[in-house]
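None of the values given here were measured: they were computed from a predicted structure.
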Amino acid sequence: MDDNKEKQSVNFIETIINEELSEGKNDGRIHTRFPPEPNGYLHIGHAKSILLNYGISQEYKGKFNLRFDDTNPTKEEQEYVDSILEDVKWLGADWEDRLFFASDYFDQLYEWAEKIIMNGKAYVDDQPAEKISEQRGTPSKPGTESPFRNRIPEENLDLFRRMKAGEFPNGAKVLRAKVDMTSPNMHMRDPVMYRILHAHHHRTGDKWCLYPMYDWAHGESDYLEGITHSICTLEFEVHRPLYDWFVDQIQEAEYRPRQIEFARLNLSYTVMSKRKLLELVKEGYVNGWDDPRMPTISGLRRRGYTPESLKIFAEKVGVAKRNNVIDVALLEHSVREDLNKKASRVMAVLDPLKVIITNYPENETEILRAENNPEDPDAGYRDLPFSNEVYIERSDFMTDPPKKYFRLAPGREVRLKNAYIIKCEDYKTDEVTGEIVEVYCTYDPESKSGGAGSQRKVKGTLHWVSAQHAIDAEVRQFDRLFKNEDPENVEAGQDYKANLNPDSLTIMKACKVEPGLRDVNPGDKFQFQRMGYFCVDTDSTPEMPVFNRTVPLRDPWSKMSSKK
RNA sequence: UGCCCGAUGGUGUAAUUGGCAACACGUCUGACUCUGAAUCAGAAGAGUCCAGGUUCGAACCCUGGUCGGGCAACCA
């Protein structure tokens, strides 16, 4: 099985690694990391990155670190650290004992900064942010040098130490790397290494009033951890020369980390920026970060996605450098593929219509046998009660059906899954509304599933639930959060929120499900036959189980019928 | 007007590193079916952004364009 696992095509990062390996770089050691900033919840784009980094470490028998990039105390919170830890763990990316924080390295970073100052490669600038920004020029205009650029190392060191000691207020001074104000790369125009921030840090408390900037902290953190491949997204491509410049300042031996950039994941009908997701949460467009409609890992988890389904997805999506928009259908396909193998089949009627079987004894209950999962012989069987009154799906009965409609209609026969063939003899409508209230059928006693006369074929098979045995349940159905494939595609003056789908959430409170579903726990997953995959929500109680629809089953009929 | 990336069916990713474009999703047929699911069989759909060049041969190399994305926080 394994050997005919068609020669897996390698992505461009693996190609690079393979080349380096054959050159003997870093002694053949492979070490990756995932470096989230704890300022928001992780989303499926992060999942791609986590799975990529962890996957590479596994593939090459290397190591994988989790490191929080917590260099900005004004935006970061413990709540986010906790959620990120939970999400990464849930995905199965194992950092073993290598959980780190950039803030763990503040002392080392500071020490190095002093060294760089003494090497004449960094200086303290007294100018305000606006002034520095002005002098930086524009992409097409070179920058000009700060009047403080040529301070002598001793003076810089003294000032830097006083910055650390807290002698200056926020914004009074910064430490800048002395690189090249005329570089065509804006990031090389004497970037800021440290800013003064009298702020409480979630880990270091009030120890520091001086915090390193991303570019300075990131590569050095990689270096300290022995990271060999620092994989990040495309927008950091222009930072790479600076990443390398900073490593140059401190590198001591042969080893050095290498930054490689790949294209971030984009999903159709979805927004992915932390800022927008935060906005959706804060302004109440969704019910929290783990709202099942959110593309967050916690949202997907609550929705019923499995870690495996996300792995399947990540593999199908691939890794490259070109901008992409993945069809959400691929995500949906990935869960179905996983859940099809694992989820027990059960029957649940979401929009019940009562069917009375007129020739079945009124007070009798019959126990039928039902297969739990035709895809998994080991899943076994369960008992199902049957009686003379059952509920079927309202959409499974029509008084005047179109051609090709295989379900129940006056005079037509249909099979009740795992039970009998029934025939519609009559129905009753509400005199006022015209709504169908009951359907009257007769059953064929010879047609019992598994019985001698069960070979008889009918066009349709319906799911059902015995009226007197069924239990009540709430079902939440989700549709895409945005109406437009590209949520950003709006008329002038509007933003992505104009594309919000008002019908993204449908709550059905009168559902009837088979009695075996009485004792379920949040997270349990099922296939409601003919309906889709569902997952028990955290709001579920023993009195009222709540199911989230993870994804509907593929449904050619609804496609066919809605086309006309 | 500067610099850095990228460009292959509707979507995404490949192509033994120069040998007549493959896989997946989606779409459409059909078979099977006690889930209109799954499964199985098949089909349509790109001639690789454009123009030159090198070569027996180019999606891969070279030149010049075009288009798309990124870069001017004391954010990451």
Exercise for the section: Could I get the full list of salt bridge (Lys or Arg N to Asp or Glu O under 4.0 Å) partners for A/E371, not counting sequence neighbours? Expected result: none
Practice task
Quick one: list whatever passes ring-ring contact (aromatic ring centres under 6.0 Å, His included) with A/H218, sequence neighbours left out.
Solution key: A/Y214
Completion exercise
So the side-chain hydrogen bond (donor to acceptor under 3.5 Å, both in side chains) pairs with at least one residue in residues 314-330 of chain A (sequence neighbours excluded) are A/E237-A/K321
Exercise for the section: Identify, with sequence neighbours excluded, every residue that meets salt bridge (Lys or Arg N to Asp or Glu O under 4.0 Å) alongside A/D444. Expected result: A/R456
Completion exercise
Annotated structure of RNA chain B as dot-bracket, pair cut-off 3.5 Å, Watson-Crick or G-U only, | for inter-strand, is .((((((..((((.....[..)))).(((((.......))))).....(((((..]....))))))))))).....
Fill in the blank from the handout: Per-nucleotide protein contact along nucleotides 8-13 of chain B, 5' to 3', at a 4.0 Å heavy-atom cut-off (B base, S sugar-phosphate only, - neither), is B--SSS
Exercise for the section: Just jot down the ring-ring contact (aromatic ring centres under 6.0 Å, His included) partners of A/F386, sequence neighbours excluded, or say none. Expected result: A/Y360, A/Y420, A/W464
Practice task
State which residues pass salt bridge (Lys or Arg N to Asp or Glu O under 4.0 Å) with A/R33; sequence neighbours excluded, sorted by chain then number.
Solution key: A/D222
Practice task
Would you indicate what A/F313 reaches in the nucleic acid, counting non-hydrogen atoms under 4.0 angstrom: base, sugar-phosphate, or nothing?
Solution key: nothing
Problem - Sequence-distant partners of A/D190, side chain to side chain donor-acceptor pair (under 3.5 Å), two or more places apart - result: A/Y123, A/R149
Exercise for the section: Answer with base, sugar-phosphate or nothing: what part of the nucleic acid does A/E315 contact at a heavy-atom distance below 4.0 Å? Expected result: nothing
Practice task
For A/R530 and A/E393, run salt bridge (Lys or Arg N to Asp or Glu O under 4.0 Å): C-alpha distance rounded to whole Å, both residues' side-chain angles, the deciding distance at 0.1 Å, then the answer.
Solution key: CA-CA 10 Å; A/R530 303 207 306 132; A/E393 211 66 60; over 6 Å; no
Practice task
With sequence neighbours excluded, tell me which residues meet salt bridge (Lys or Arg N to Asp or Glu O under 4.0 Å) with A/R554.
Solution key: none
Practice task
Mind checking A/K341 for me? I need base, sugar-phosphate or nothing, with any heavy atom below 4.0 Å counting as a touch.
Solution key: nothing
Check: protein-nucleotides 74-76 of chain B nitrogen or oxygen pairs below 3.5 Å:
unit_1: B/C74; atom_1: OP2; unit_2: A/R136; atom_2: NH2; d: 2.8
unit_1: B/C74; atom_1: N4; unit_2: A/Q127; atom_2: O; d: 2.9
unit_1: B/C74; atom_1: N4; unit_2: A/A129; atom_2: N; d: 2.9
unit_1: B/C74; atom_1: N4; unit_2: A/G171; atom_2: O; d: 3.1
unit_1: B/C75; atom_1: OP2; unit_2: A/R195; atom_2: NE; d: 2.9
unit_1: B/C75; atom_1: OP2; unit_2: A/R195; atom_2: NH2; d: 2.7
unit_1: B/C75; atom_1: O3'; unit_2: A/R195; atom_2: NH2; d: 3.3
unit_1: B/C75; atom_1: O2'; unit_2: A/N72; atom_2: ND2; d: 3.1
unit_1: B/A76; atom_1: OP1; unit_2: A/T71; atom_2: OG1; d: 2.6
unit_1: B/A76; atom_1: OP1; unit_2: A/R195; atom_2: NH1; d: 3.4
unit_1: B/A76; atom_1: OP1; unit_2: A/R195; atom_2: NH2; d: 3.1
unit_1: B/A76; atom_1: OP2; unit_2: A/Y214; atom_2: N; d: 2.8
unit_1: B/A76; atom_1: O4'; unit_2: A/E37; atom_2: OE1; d: 3.4
unit_1: B/A76; atom_1: O3'; unit_2: A/D69; atom_2: OD2; d: 3.3
unit_1: B/A76; atom_1: N6; unit_2: A/H239; atom_2: NE2; d: 3.2

Exercise for the section: Could you check whether A/P139 gets within reach of a base, just the sugar-phosphate, or nothing at all, counting any heavy atom under 4.0 Å? Expected result: base
Distances under 3.5 Å only, N/O to N/O: pair up the protein atoms with those of nucleotides 38-46 of chain B.
unit_1: B/A38; atom_1: OP1; unit_2: A/R554; atom_2: NH1; d: 3.4
unit_1: B/A38; atom_1: O2'; unit_2: A/N340; atom_2: ND2; d: 3.0
unit_1: B/A38; atom_1: O2'; unit_2: A/E375; atom_2: OE1; d: 3.3
unit_1: B/A38; atom_1: O2'; unit_2: A/E375; atom_2: OE2; d: 3.0

